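Everything on this sheet refers to the single structure shown next.
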Amino acid sequence: MELDKIYEPRLFEPKWAKWWVDEKLFVAETDSDKPTYSLIAPPPNVTGALHMGHCFEIAMTDITMRWRRMSGDNVLWLPGLDHAGIATQMLVERHLKSQGIDRREIGREKFLEHVWTWKEEYGGKIVDQFKRIGASCDWSRQRFTMDPGVSRAVNEAFVRLYERGLLYRGEYMVNWDPGTLTALSDLEVVHEEQKGHLWHLRYPITGSDGEYVVVATTRPETMLGDTAVAVHPDDERYKHLVDKTITLPLVGRELKVIFDDFVDPEFGTGIVKITPAHDPNDFAAGQKHGLEIINILTDEAKINANGGKYEGLDRYEARKQIVADLEALGLIDKIEDYVNKVGKSQRSGLAVEPRVSMQWFIKTKSLAEPSIEAVESGRMEIMPEQWRRNYFEWMHNIRDWCVSRQLWWGHRIPAWYTEDGEMFVARNEEDALKQSGGRPLRQDDDVLDTWFSSGLWPFSTMGWPDETPDLKAFYPNSLLITGFDILFFWVARMTMLGIAMMDEPPFRKVLIHGLVRDADKKKMSKTKGNVIDPIEMTEKYGTDAVRFALVSSAGQGSDVVLSEERIAGYATFANKIWNAMRFVFMSLDRAGAETWTPEDLDNFEALPSEATGEVPLADRWMFSRLDAVAAGVNENIEKNRYHDAANQLYQFFWKEFCDWYIELKKIDFTDDSGLTNEWKNMLAATERALRLLHPLAPFITEELWQRLTVNTAGRTKSLAFASYPQAKSSRRDADAEHRVSVLQEATTGVRNLRAEMNIPPRNPLTGILYSPSADVRSVTSDQADALARLACVTLSAVEGHAPEGKATHHTAEFDLEIELPEEQKQALKKKLAKQLGQLEKAATGSRKQLGNEAFLAKAPESVVASIKEKLTDYESQIKRIKATLEG
RNA sequence: GGGCGCGUAGCUCAGUUGGUUAGAGCGCCUGCUUCACACGCAGGAGGUCCGGAGUUCGAGUCUCCGCGCGCCCACCA
């Protein structure tokens, strides 16, 4: 068996990606005795392409899912796509426009045909990308938010909310996007600081010659819709306005003066113009005081017929014009610079226009309460903890949710109207007709907010409202992994709707992750051009490297700073794994043992050497270490500490498995030895290491494991279903671990001396020794005497090069003495002196602690014991160093 | 205006309930073509854990104040 010299993931990753899907390996069982573990993937937009954020999320999810599966759970990872109402409609509109087609000309039905065609052609590209990076989803259960089943759930939920009085329709002020021509929810509005002005306008008091009041506004154009001015009732300055009216300049309308304490007398002039049609506060004031609502804007935010001579002007043009006209009339009191926040549409980027219109709203208060309770009680856990507070904060201050959108692409609102305006909310048209007694009906033109259907995702995907076996088995979901950016948009809505429809919160645990940023910590975005394309990276460095790079640097909830360099760094790790296996296969050939047919890999324990009748130390040690690592990794993945799991495996595999275990094992191997127990131990250890690595690096481990276990009787078809190594305390071998640590310490000591004294690594006398195996190669037996020999070998080698002076290196158990030239001796002395200082400081600290009664009384036994142990260690080291320095 | 978070080696970050010489990767320096791997091996330098005060036997870890940075929510004209 032979591997290519260099690890080239693109040669095998696509093969496994396809195989995993084709073999339907990750299809969840509906009827299973195993414990279930379920998760819905946040459905990406059909229009979407895979970005690093997806990769990061998929990496964490896939680690968890593969680990669960290997640990024996019946795992469901349900993938899907979101129709993404506004985004998709905008995209297709733009696409059609480039062909000279206007959606309004072709009409709703034709347009929707185009969207579906577009969706079939370009949509779902991201699904292939998910598959390519090895997301172990159950593709047999893939859903789309506009699927008939999911759509049925949408209508069902709508009707149920309506029947419970949690849905209402009415004319209220909403955020209107003049770009996409639809209402938006509050969450879809992004507030941006903008430099502007505060215009102080003179409004003449009717009938009192030349007298005026000054109102301050950031939007002078809205004056066309003013129907009142307001002052604080206690404001002495404006007492004289009782019984007066104001004449609105340019328009001539008589404005009432209202007195209300919502006015802040401190701000501006203490008098405010009221435009009920174009400002939320003013709208409320208008409701309260029965003011006329005069809408002056069209859908596109141009001045309408109510704006008189300004009709047809864009809102900003109108502003200019109106200011100029007022100026000409001497009605501009002053203009101040002013910074205020402008709400912009998340989608079109245009400033949102507050607008009164007929919309559907969900009453959220009674939905939020149990959602708060679910998290407070711990029935639904939010991690990391800090996000709980954000969640609570939002839920406590929740406002009604505008769910209607003036779009065509989406779930059409299941409400029907007769000609005279009677309304029927029903599951389908047939039901509506029944209710109307057969009177002709017209369905509501609007569609639902995309987040309404996504809000039902945890159960709409499982067949709800039918009581399906899937729903029974998999709801509530065990886990949700998603980004903080959609905590309110999605997680909060799913929780509210989940509890409302299913009486149970949709998840047991919600893990919130951070953002993937570029090397300068900037958000990745196409416009900035700092996007690192995951597929490109995958082709270049391998999926496993991309995963490791993403996962290993992110503490819980924190952002990931990603660079190509970093990914390349983890490709070297994959290369290391590859070459370790390459060594195994090559040596196996050399040993003349072509096949390996172990019976039981799961319960393999290290075998005694045929030669000595004892289990070789290196193997005892490795199996003990494998067990320790298994314990750590299991715990870390369980607790969603993926970065710890990744780093632990990285350190283990590189520093322990490769640097020490393989090197130590080299000593035992001889050509044509056949498949000795030494060999079997190593093969089994390697196999176990691959299992441990699989959830984090699925591709390379599958590739290597398939080759390694090709002749293994009764092995699972894929590494993905081999059992995950569980820690067994009986496997821990403290004696072996201690002995190897001594070996390591001594070896390091020898190398240290060698380096410090500039002894050529390849000493002609003895042929010293570079790698650990080389250092130890000339030593045949195990452990303690190996060390003594090692020291002797090194010493004898050194002597020829160090004719004068004398220095000593100490380890806990061995002393190495060698002769040194004066110059080097001095350098060494300096180093030892520094070490001595550090040790004495540490020892003093320890002594102080041990002499402290308060400490002895309060500190736990184990801490005291470890300090005592350390102190002994310090003292013996100090003694030896002192002896050396004096001698 | 309200809320959340961050500041640890040159860079990016770990550091779980406070426990005694503070870790990793990358980068840097030195030496090595060594029969798995130069995408490598061996050795090394580098930190008053933002500043100050406090709690404690003990603080990177807890509390308060200050400085610097980031994010979220909010209708002040």
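Note on naming: letters A, B, ... go to the chains in the order of the sequence lines (proteins, then strands), and numbering restarts at 1 for each one. As the structure is a computational prediction, the values presented were derived from the model and not from experiment. Basis for what follows: all heavy atoms, side chains included, without hydrogens, waters or symmetry-related copies.
Note on A/Lys655: only backbone sugar-phosphate atoms sit closer than 4.0 angstrom, heavy atoms only; bases stay farther off. In this structure, A/Arg388 reaches neither bases nor backbone, as no heavy-atom distance under 4.0 Å exists between it and the strands shown. Using a 4.0 Å heavy-atom distance criterion, A/Glu853 is classed as making no nucleic acid contact. Within 4.0 Å (heavy atoms only), A/Gly555 reaches sugar-phosphate atoms of the nucleic acid but no base atom. Using a 4.0 Å heavy-atom criterion, one finds that A/Ser558 contacts the sugar-phosphate atoms exclusively. Among the heavy atoms of the strands, none lies under 4.0 Å from A/Asn647. A/Ile6 comes within contact range of at least one nucleobase, with a heavy-atom separation under 4.0 Å. Counting non-hydrogen atoms under 4.0 angstrom, A/Lys5 reaches the backbone sugars and phosphates but no base. Using a 4.0 Å heavy-atom criterion, one finds that A/Asp644 contacts the sugar-phosphate atoms exclusively. Nucleic acid contact class of A/Phe392 (heavy atoms, under 4.0 Å, all strands): none. Across all strands, A/Trp654 comes closer than 4.0 Å only to sugar-phosphate atoms, never to a base (heavy-atom distances). Here A/Val272 lies in heavy-atom contact (under 4.0 Å) with a base. No contact: A/Lys639 has no heavy atom under 4.0 Å from any strand. Among the protein residues, A/Arg641 comes within range of the nucleic acid bases, having at least one heavy atom under 4.0 Å from a base atom.
In this structure, A/Tyr391 does not reach the B/G3 phosphate: none of its side-chain N or O atoms is under 4.0 Å from OP1 or OP2. Checking the phosphate oxygens (OP1, OP2) of B/C13, a side-chain nitrogen or oxygen of A/Lys521 falls inside 4.0 Å. An OP1 or OP2 oxygen of B/C57 is reached within less than 4.0 angstrom by a side-chain nitrogen or oxygen of A/Lys858. For B/C35, neither phosphate oxygen OP1 nor OP2 lies less than 4.0 angstrom from any side-chain nitrogen or oxygen of A/Arg590.
Side-chain atoms of A/Lys666 and base atoms of B/A36 include a donor and an acceptor less than 3.5 Å apart. One N or O donor and one acceptor, one from the side chain of A/Asn281 and one from the base of B/C75, sit under 3.5 Å apart. Between the side chain of A/Glu663 and the base of B/A36, at least one donor-acceptor pair of N or O atoms lies under 3.5 Å.
Atom-to-atom, CG of A/Asp659 to P of B/A24 comes out at 14 Å; the value is rounded to the nearest Å. Here B/C72 presents its C1' atom at 10 Å from CD of A/Glu393, a figure rounded to the nearest Å. Atoms CG (A/Asp186) and C1' (B/C73) sit 11 Å apart, rounded to a whole Å. Summarising the geometry, the separation between CZ on A/Phe283 and P on B/A77 is reported as 19 Å, rounded to the nearest angstrom. The interatomic distance linking A/Phe488 (CZ) with B/C71 (P) rounds to 16 Å, in whole Å. B/C26 atom C1' lies 9 Å from atom OH of A/Tyr650, rounded to whole Å. For the pair A/Lys540 NZ and B/C39 C1', the computed distance is 13 Å after rounding to whole Å. The distance from atom CD of A/Glu565 to atom C1' of B/C11 is 9 Å, rounded to the nearest whole Å.
Ring pair A/Phe653/A/Phe657 is parallel by interplanar angle, where below 30° counts as parallel and above 60° as perpendicular. Ring orientation note: the planes of A/Tyr570 and A/Phe548 are close to parallel, at an angle under 30° on the 30°/60° scale. Under the 30°/60° scheme for interplanar angles, the aromatic rings of A/Phe484 and A/Trp387 are found to lie parallel.
If you take atom C1' in B/A24 and the same atom in B/U8, they sit 13 Å apart, rounded to whole Å. Rounded to a whole angstrom, the distance from the C1' atom of B/G10 to that of B/U16 is 29 Å. The P atoms of B/A9 and B/U63 are separated by 22 Å, rounded to the nearest whole Å. B/G60 sits 14 Å from B/A53 when the P atoms are compared, rounded to a whole Å. Remark: the separation of the P atoms in B/A22 and B/C49 is 10 Å, to the nearest Å. Using atom C1' as the reference point in both B/A74 and B/G27, the two lie 45 Å apart (nearest Å). Taking atom P in both B/G7 and B/C50, the straight-line distance is 7 Å, to the nearest Å. Comparing the same atom, C1', in B/U30 and in B/G66 gives a spacing of 44 Å after rounding to whole Å.
Two residues, A/Val863 and A/Tyr7, neighbour RNA chain B, and the one matched to the more 5' nucleotide by heavy-atom proximity is A/Val863. Comparing A/Ser846 and A/Leu198 against RNA chain B, the residue whose closest nucleotide sits nearer the 5' end is A/Ser846.
Between the side chains of A/Asn640 and A/Tyr642, at least one donor-acceptor pair of N or O atoms lies under 3.5 Å.
Contacts with RNA chain B (heavy atom under 4.0 Å) in residues 574-582 of chain A: A/Asn575, A/Lys576, A/Asn579, A/Ala580, A/Arg582, listed by number.
The pair A/Glu703-A/Arg707 counts as a salt bridge, with a side-chain nitrogen and a carboxylate oxygen less than 4.0 angstrom apart. With respect to A/Asp520 and A/Lys522, no salt bridge is recorded, no charged nitrogen being found less than 4.0 Å from a carboxylate O.
Checked against the 6.0 Å centroid threshold, A/Tyr650 and A/Trp654 count as a close aromatic pair.
Of the candidate nucleotides B/G15, B/A36, B/C76, B/C76 has the atom lying nearest to any side-chain atom of A/Asp264. If you check B/C13, B/A77, B/G25 against the side chain of A/Val561, the one that comes closest is B/C13. Comparing atom distances between the A/Gln849 side chain and each of B/C57, B/A77, B/A36 picks out B/C57 as nearest. In the set B/A36, B/G19, B/G5, the nucleotide with an atom closest to the side chain of A/Ala859 is B/G19. Listed nucleotides: B/A14, B/A36, B/C75. Nearest to the side chain of A/Cys658: B/A36.
Nucleotide B/U63 forms a Watson-Crick or G-U wobble pair with B/A53, both donor-acceptor distances falling under 3.5 Å. Applying the Watson-Crick and G-U wobble criteria (two distances, each under 3.5 Å), B/G70 pairs with B/C4. Across all strands shown, B/A45 forms no Watson-Crick or G-U wobble pair with both distances under 3.5 Å.
The shortest heavy-atom contact between A/Met682 and A/Tyr661 is CA-OH, 3.3 Å. For the pair A/Asn647 and A/Ser552, the tightest heavy-atom approach, listed with the atom from each and the gap, is ND2-O, 3.4 Å.
A salt bridge (charged side-chain N to carboxylate O under 4.0 Å, His left out) with A/Lys344 is found for one member of A/Glu353, A/Glu188, A/Glu192 and no other, namely A/Glu192.
Side-chain contact check for A/Leu683 versus A/Leu588: some heavy-atom pair is nearer than 4.5 Å. The shortest distance between side-chain heavy atoms of A/Tyr391 and A/Val375 falls below 4.5 Å.
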